[in-house]
S.K.: 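Here's a structure for you.
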Amino acid sequence: MTTEQYPKVYLYKRIVKAKLFIDTNFADKIDIDHISDEAFFSKFHFIRLFKQIYGKTPHQYLTSVRIDNAILLFQKDKPVSDVCFAVGFESLSSFSGLFKKNVGVSPSTYLAQQQCRKQQIIKNPLNYISGCFAHKFGWTEYSNFEEVK
């Protein structure tokens with residue numbers, strides 16, 4: 001049977017099911033064979049359809065989901081090695097390389113930046129709140145709409 005025999009909606013649903021499988025199981029040891037099995041496609045046909053729909057190969061998408069979840073864990077001050085394994089990478093060096101390629105800085109630099117930002121927020125919280133919101137609640141001494149007396 002070829003894909004022309006199926007309605008496009010049916011094929012799309014199968015690809016979405018595979019994407020949701022990645023979203024749910026990103027931390028597990030999954031590979032393209034595992035993911036394509038979820039969608040009931042051959043590996044190569046699945047890769048073509050997935051890329052056509054999402055603009056990334058399943059592997060690229062899996063990597064981006066893992067990196068996005070790593071960022072969330074870094075925002076909770078988790079150590080780099082713990083984050084690496086928690087999001088499904090088996091090698092710290094491959095995690096660091098992919099993280100830097102996707103985010104622009106190494107995981108340790110990103111973690112340090114997050115910790116520095118948290119300290120800045122604690123030190124000057126009003127710098128991280130919009131002026132109109134702070135004024136509404138009386139958190140600023142002077143507003144842009146009032147003259148200093």
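Computation of the quantities below employed the complete heavy-atom set of this structure, encompassing side-chain atoms and omitting hydrogens, waters and symmetry-equivalent molecules. Note that the coordinates shown come from a computational prediction; the quantities given were computed from them, not determined experimentally.
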S.K.: Which residues pass the side-chain contact (heavy atoms from CB on, under 4.5 Å) test with Gln75, not counting sequence neighbours?
M.R.: Ile71, Leu72, Tyr110, Gln114

S.K.: Considering residues at least two apart in sequence or located in another chain, which fulfil the side-chain contact (heavy atoms from CB on, under 4.5 Å) criterion with Asp77?
M.R.: Leu111, Gln115, Lys118

S.K.: List in chain and number order the residues that pass ring-ring contact (aromatic ring centres under 6.0 Å, His included) with Phe26, two or more places apart in sequence or in another chain; answer none if no residue qualifies.
M.R.: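 If we apply the ring-ring contact (aromatic ring centres under 6.0 Å, His included) test to Phe26, skipping adjacent residues, there are no hits.
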
S.K.: Search all heavy atoms of Pro58 against all heavy atoms of Phe46 and return the closest pair with its distance.
M.R.: CG-CE2, 3.4 Å

S.K.: About how many Å separate CZ of Phe50 and CG of Leu62, when rounded to the nearest 0.5 Å?
M.R.: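 It comes to 9.0 Å.
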
S.K.: Same cluster or not: are Tyr10 and Ile53 linked, directly or through other Ile, Leu, Val, Met, Phe, Trp or Tyr residues, by side-chain heavy atoms under 4.5 angstrom apart?
M.R.: yes

S.K.: Rounded to the nearest 0.5 Å, how far apart are CD1 of Ile35 and CD1 of Ile47?
M.R.: 9.0 Å

S.K.: Donor-acceptor check, side chain of Gln60 to backbone of Thr57, threshold 3.5 angstrom: yes or no?
M.R.: yes

S.K.: Which residues pass the ring-ring contact (aromatic ring centres under 6.0 Å, His included) test with His34, not counting sequence neighbours?
M.R.: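 Applying ring-ring contact (aromatic ring centres under 6.0 Å, His included) to His34 gives Phe21.
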
S.K.: Roughly how far apart are Ile30 CD1 and Glu38 CD, rounded to 0.5 Å?
M.R.: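 It comes to 9.0 Å.
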
S.K.: Which pairs of donor and acceptor atoms, one on a side chain in residues 84-105, lie under 3.5 Å apart (sequence neighbours left out)?
M.R.:
from	atom 1	to	atom 2	distance (Å)
Ser91	OG	Ser93	N	3.3
Ser91	OG	Ser93	OG	3.0
Ser91	OG	Ser94	N	3.2
Ser94	OG	Ser91	O	3.1
Ser96	OG	Leu92	O	3.0
Asn102	ND2	Leu98	O	2.7

S.K.: Would you mind reporting whether Phe41 and Leu11 have side-chain heavy atoms less than 4.5 Å apart?
M.R.: yes

S.K.: Residues two or more places apart in sequence or in another chain: which of them pass side-chain hydrogen bond (donor to acceptor under 3.5 Å, both in side chains) with Lys78?
M.R.: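 By the side-chain hydrogen bond (donor to acceptor under 3.5 Å, both in side chains) rule, Lys78 matches no residue at all.
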
S.K.: Quick test of your reading: applying side-chain hydrogen bond (donor to acceptor under 3.5 Å, both in side chains), list the pairs with at least one residue in residues 18-32, sequence neighbours left out, ordered by first then second residue.
M.R.: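 Sorted pair list: Lys19-Asp23, Lys19-Tyr61, Asp23-Tyr61.
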
S.K.: With sequence neighbours excluded, what pairs up with Lys17 under the salt bridge (charged side-chain N to carboxylate O under 4.0 Å, His left out) test?
M.R.: none

S.K.: With sequence neighbours left out, write down each residue that passes side-chain hydrogen bond (donor to acceptor under 3.5 Å, both in side chains) with Gln120, or none if nothing qualifies.
M.R.: Tyr128

S.K.: Less than 4.5 Å apart, any side-chain heavy atom of Tyr54 and any of Val16?
M.R.: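 They are in contact (side-chain heavy atoms under 4.5 Å apart), so the answer is yes.
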
S.K.: For Ser81, check side-chain hydrogen bond (donor to acceptor under 3.5 Å, both in side chains) against everything at least two apart and list the hits.
M.R.: none

S.K.: Can you pull the salt bridge (charged side-chain N to carboxylate O under 4.0 Å, His left out) pairs that have at least one residue in residues 40-60, sequence neighbours excluded?
M.R.: Asp33-Lys43

S.K.: Who passes side-chain hydrogen bond (donor to acceptor under 3.5 Å, both in side chains) against Ser108, sequence neighbours left out?
M.R.: Ser106

S.K.: Heavy atoms only: give me the nearest Phe74-Pro107 pair and the separation to one decimal.
M.R.: CZ-CB, 3.7 Å

